[in-house]
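Letters go in sequence order (proteins before strands), and every chain restarts at 1. Since this is a predicted model, take the numbers as computed values, not measurements.
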Amino acid sequence: MATDDGDRYRPAQVEERWQAEWERRGTNLFTAVELGSPERPYYNLMMFPYPSAEGLHVGNIYAFTGADVHGRFQRLTGRDVFEPMGFDAFGIHSENFALKVGVHPMDLIPRNVANFTRQLRRMGGMFDWNHAVDTTSPEYYRWTQWIFLQLFKAGLAERKEAPVNWCPSCKTVLANEQVVGGLCERCDTPVEQRRIAQWFFRISDYAERLLSNLDTLDWSETTKKAQQNWIGRSEGANLRFPIPDLDDSAFLEVFTTRPDTVFGATYMVLAPEHPLVDRVTAPDRRAEVEEYRERVARLDLVARKKVDKSKTGVFTGGHCENPATGERIPIWIADYVLMEYGTGAVMAVPAHDERDFEFASAFELPVRRVVAQEGEDPGAPVDETYTGDGRAVNSGTFDGLGTHEAKRAIVAWLAERGLGTLRVHYRLHDWCISRQRYWGPPIPIVYCEACGAVPVPEDELPVVLPRVQDFKPDDSGVSPLARVEAWYRITCPECGGEARRETDVSDTFLDSAWYFLRYPSARREDVPFDPELVRKWLPVDCYIGGNEHAVLHLLYARFITMALKDIGHLHFEEPFARFRAHGLIIRDGAKMSKSKGNVIVPDPIIEEHGADAFRLYLMFLGPFEEGGDYRDQGIQGPFGFLKRLWETVIPLDGLRDGSPDPVVERKLHQTIAQLTVQLSELQYNTCIAALMEYLNAVRAGGRTPARAEVEPLVVMVAPFCPHLAEELWSRLGHGASVFEGASWPSFDPEKAREDTVELAIQVNGKVRGTIALARGTSEEEALALARKEPNVARYLEDVELHRVVYVPDRLLNLVVR
RNA sequence: GCCGGGGUGGCGAAAUCGGUAACCGCAGGGGACUUAAAAUCCCCCGGGGGUAACCCCUUCUGGGUUCGAAUCCCAGCCCCGGCACCA
């Protein structure tokens, strides 16, 4: 039948034809007018890729396909779907790769972008290439710099000192991931901490909002949890410990979640960097304290926070006063106390905190029980720390209170003397956006002797990243741009005096924190985003991406959106109404990696089986939100399905006219019903199984299918296999693209309903037979029929029928004794 | 350590308002077509027993609730992800 040359399914041919056709007709492109007046806008966003030299990998393809299937489905139901694509091409990744291969990133990136674009077209994504963005183009990063300036003007950007990893041999700043086991990944020299001035965005001002808004978002639960963890809200109190040795008003402030244990605070520990260390240190301890502080500074930032190392620290010789007991307690410093959390100081309660107990044991410091469990002797020695709730003991007038009441009562009592207040702290710290690197947008600030840090005037943007041949980080300790004197020497925009540009560039996460605002306005040179377009298209209806960006990217994008809303540039504060994290693709049960040599190379697969089959297979592997295990042979199933679909439709004279067969029609309506629900829920694997089942029904026993049976099938396959669907749709005699009209079939619940059901007959919960009967059969009738079933009757002999459980149209359970 | 998600045939998986476990597909076995192979088509395919009708067992392990549990509850084991000297 279908052996004739012209009639065989040749995916390469079909796909090339339709990719060209879509381009020629502008099927997936919005004109400025269309974008300005959508009837039913649907913004379908996916995380834009970093265009690596290796090209698209399966992870990208998997994510984009899942998102594209969703977008195409929405379009088939009549939505105006905007599905843009772009490239996140700045950053250390590109820079390191460029250094490695000795090609300038300004030459490398366009090549990679071109290759990615080619591969993305080939996959059949419905991308609006008229609105693509590239974060490395000056037209884009001009507005990234503009955003920095808006935040700067709103007081949300500030310059402060912060520790960085420093390699004393390479004399350069290292990112955490460039430190391997405390050593520089390039030269194996031990890494140190260094403090340098950097720009921060005050994201921590937004911690509470970022946290509480999560409740209002339709996001993958795992993603929300990751953000909650990251923000790390913690309720407690700030308590003040006076230092009478210094002066009457001097005090140390600590944050604690257990103010109820303050009576058990037997010593104090400060972070080595704490500003009061110098003042409290006794002269005879100074040498030791300094030596310890230097030792800590030599640790890299990762090693400093390692959990399983034993406690170290030194006594400063100074003392403060426990505000509850009035006792003089010693002040220590230790590296397990971190300057960036809370107040950089802790009151040590060894009886009720693991770390303090460990420290106290190591340095023989006193331990005092102040919380007792049921029936515990308050005076018994503490040989194990207890961190749970209990009754307050050895706590003066608070003895006997439960942990919860004790917290409140003790804070209230200290508050009367100005020594305590309830506080909430967050783990989230401010966003450091400075990078002492080359491949990023220069931070638009100018330093002037007279005027200080001055923003570059908006009409002078962009501050163009100069082409520097030698962009390798060097021993200057600042960005390579600091070597380009002709670039950084300028006059102050305010006073006209001598000034120099900021030579650090900004974090890549800033580029991606606002790209979704730019897409609709991608071709506008006058504004970062057009307010009218924003109003029409945003917030994003559906965002799909990897959970590896659950925290940083998604949190930063939310923060920038909130900040821009507060400043008055946006009308909403949550950018992504719905977010779904896709799963990961593994291969033969193992993670894919270049070193294992088991990465999937898409091009040969597409050549052999076509992008449609590849897309279909990827979506069929497993639940989209969980990922799946890729096996090379597996594509045979979906590929065979497409071939059979083709052969079912293509000899068009093999189709009959007239009404569909009732049994097939019922299956059709069931399939439409299932897909309509499941496609919007991204449950692709079960949708595909249903489509296969339906095709099997259409072809059962070599019957001649009716045109009315296959046309809706072609539409339902379209989100997954757009090329094939277009080809079949057009051969079925339709002039326009299947995606141009609202072609999604509707279903009739009446027609989907089964008239005959199979009822399971159980005896004592075990299935002993099944009977076919009319839908809605009464219990009496069903029971009568069941008794006639020989295998059931067997089990009813010589027993007493004790109870009958009837679930209409499902099962009948006969309980006998 | 804390917080999520998960554990079902040889494999990917389906079924989770409690109601016939294993849809769909891969791999495997058998057959048809062919000189042969590929492609295609048909049949079988969780384990055990039985000529068969059928029967017993099976959703990580052990308990529990229920007429009935992959699904709910309790305890434990294992895998994946996030956070982690966070006070």
Please classify the nucleic acid contact of D356(A) as base, sugar-phosphate, or nothing, using heavy-atom distances under 4.0 Å.
nothing

Report yes if a side-chain nitrogen or oxygen of K643(A) is closer than 4.0 Å to either non-bridging phosphate oxygen (OP1 or OP2) of C41(B); otherwise report no.
no

Hey, is the side chain of N685(A) poking within less than 4.0 Å of OP1 or OP2 on C23(B), counting only N and O atoms?
no

Under 3.5 Å, is there a donor on one side chain and an acceptor on the other for N547(A) and S220(A)?
no

Measure from the side chain of R794(A), starting at C-beta and using heavy atoms only, and say which of C54(B), C24(B), C83(B) lies closest.
C54(B)

Rounded to whole angstrom, note down the P distance from A13(B) over to G7(B).
10 Å

Whole-angstrom distance between A22(B) and C44(B), as gauged at atom P:
15 Å

Between K591(A) and G81(B), does any side-chain N or O lie under 4.0 Å from OP1 or OP2?
yes

Of T343(A) and N229(A), the one whose nearest nucleotide on RNA chain B sits closer to the 5' end is N229(A)

Taking the C1' atom in each of G9(B) and G5(B), what is the distance between them to the nearest angstrom?
24 Å

OP1, OP2 of C55(B) versus side-chain N and O of R768(A): anything below 4.0 Å?
yes

How far does the P atom of G48(B) sit from the matching atom of C11(B), given to the nearest Å?
15 Å

Reckon F620(A) touches a base, only the sugar-phosphate, or nothing at all at heavy-atom distances under 4.0 Å?
base

Taking any heavy-atom pair under 4.0 Å as a contact, classify N791(A): base, sugar-phosphate, or nothing.
sugar-phosphate

Nearest of G25(B), A87(B), C83(B) to any side-chain atom of T256(A)?
A87(B)

Report the relative orientation of the aromatic rings in W219(A) and F576(A); use parallel for angles under 30°, tilted for 30 to 60°, perpendicular for over 60°.
tilted

Just to be sure I understand the rule, does Y617(A) reach a base, reach only the sugar-phosphate, or reach nothing, if contact means heavy atoms closer than 4.0 Å?
nothing

Would you state whether a donor and an acceptor, one from the side chain of N813(A) and one from the base of C67(B), lie under 3.5 Å apart?
yes

Closest to the V767(A) side chain: U20(B), G25(B), A87(B)?
U20(B)

Would you say a side-chain N or O of Y795(A) is under 4.0 Å from OP1 or OP2 of C55(B)?
yes

Selected nucleotide, minimal atom distance to A689(A) side chain, candidates A87(B), C24(B), A84(B):
C24(B)

V346(A) side chain, from C-beta outward: closest of C57(B), G25(B), A87(B):
A87(B)

Sugar-phosphate, base or nothing in reach of L621(A), heavy atoms under 4.0 Å:
sugar-phosphate

Out of A14(B), G82(B), C86(B), which nucleotide sits closest to the side chain of A226(A)?
G82(B)

Could you measure between the two C1' atoms, the one in A27(B) and the one in A15(B), and give it in whole Å?
23 Å

Side-chain N or O of R810(A) versus OP1/OP2 of U20(B): is the shortest distance under 4.0 Å?
yes

Report the relative orientation of the aromatic rings in F624(A) and Y62(A); use parallel for angles under 30°, tilted for 30 to 60°, perpendicular for over 60°.
tilted

Just call it for D353(A): base, sugar-phosphate, or nothing, with non-hydrogen atoms closer than 4.0 Å on any strand.
nothing

Taking atom types as modelled and ignoring hydrogens, do the side chains of Y336(A) and R355(A) form a donor-acceptor contact shorter than 3.5 angstrom?
no

Answer with base, sugar-phosphate or nothing: what part of the nucleic acid does E758(A) contact at a heavy-atom distance below 4.0 Å?
base

Identify whether the distance between the nearest side-chain nitrogen and carboxylate oxygen of D755(A) and R666(A) falls below 4.0 Å.
yes

Report which part of the nucleic acid R355(A) touches: base, sugar-phosphate, or nothing (heavy-atom distance under 4.0 Å, all strands).
base

Side-chain N or O of N696(A) versus OP1/OP2 of G25(B): is the shortest distance under 4.0 Å?
yes

Answer yes or no: does a side-chain N or O of Q633(A) lie under 4.0 Å from OP1 or OP2 of C26(B)?
no

Under 4.0 angstrom, heavy atoms only, what part of the nucleic acid is R631(A) near: base, sugar-phosphate, or nothing?
sugar-phosphate

Looking only at heavy atoms, which two atoms of F255(A) and E235(A) are closest? And how far apart?
CZ-C, 4.2 Å

Checking all strands, does R817(A) fall into the base, sugar-phosphate, or nothing category for heavy-atom contacts under 4.0 angstrom?
nothing

Modelled atom types, side-chain donor and acceptor of N238(A) and T421(A), under 3.5 Å:
no

Under 4.0 Å between any heavy atoms, over every strand shown, what does V337(A) touch: base, sugar-phosphate, or nothing? Just pick one.
base

Would you mind classifying the nucleic acid contact of P790(A) as base, sugar-phosphate or nothing, using non-hydrogen atoms under 4.0 angstrom?
nothing

From the candidates A27(B), C85(B), U20(B), the one with an atom nearest any side-chain atom of Q636(A) is A27(B)

How should the glycosidic conformation of G9(B) be described, syn or anti, under the criterion that syn lies within 90° of 0?
syn

Are OP1 or OP2 of C24(B) and a side-chain N or O of T686(A) less than 4.0 angstrom apart?
no

Using a heavy-atom cut-off of under 4.0 Å over every strand shown, decide if Q762(A) touches base, sugar-phosphate, or nothing.
base

Evaluate salt bridge (Lys or Arg N to Asp or Glu O under 4.0 Å) for R423(A) paired with E253(A), printing each intermediate quantity in order.
CA-CA 12 Å; R423(A) 272 297 300 267; E253(A) 190 158 43; over 6 Å; no

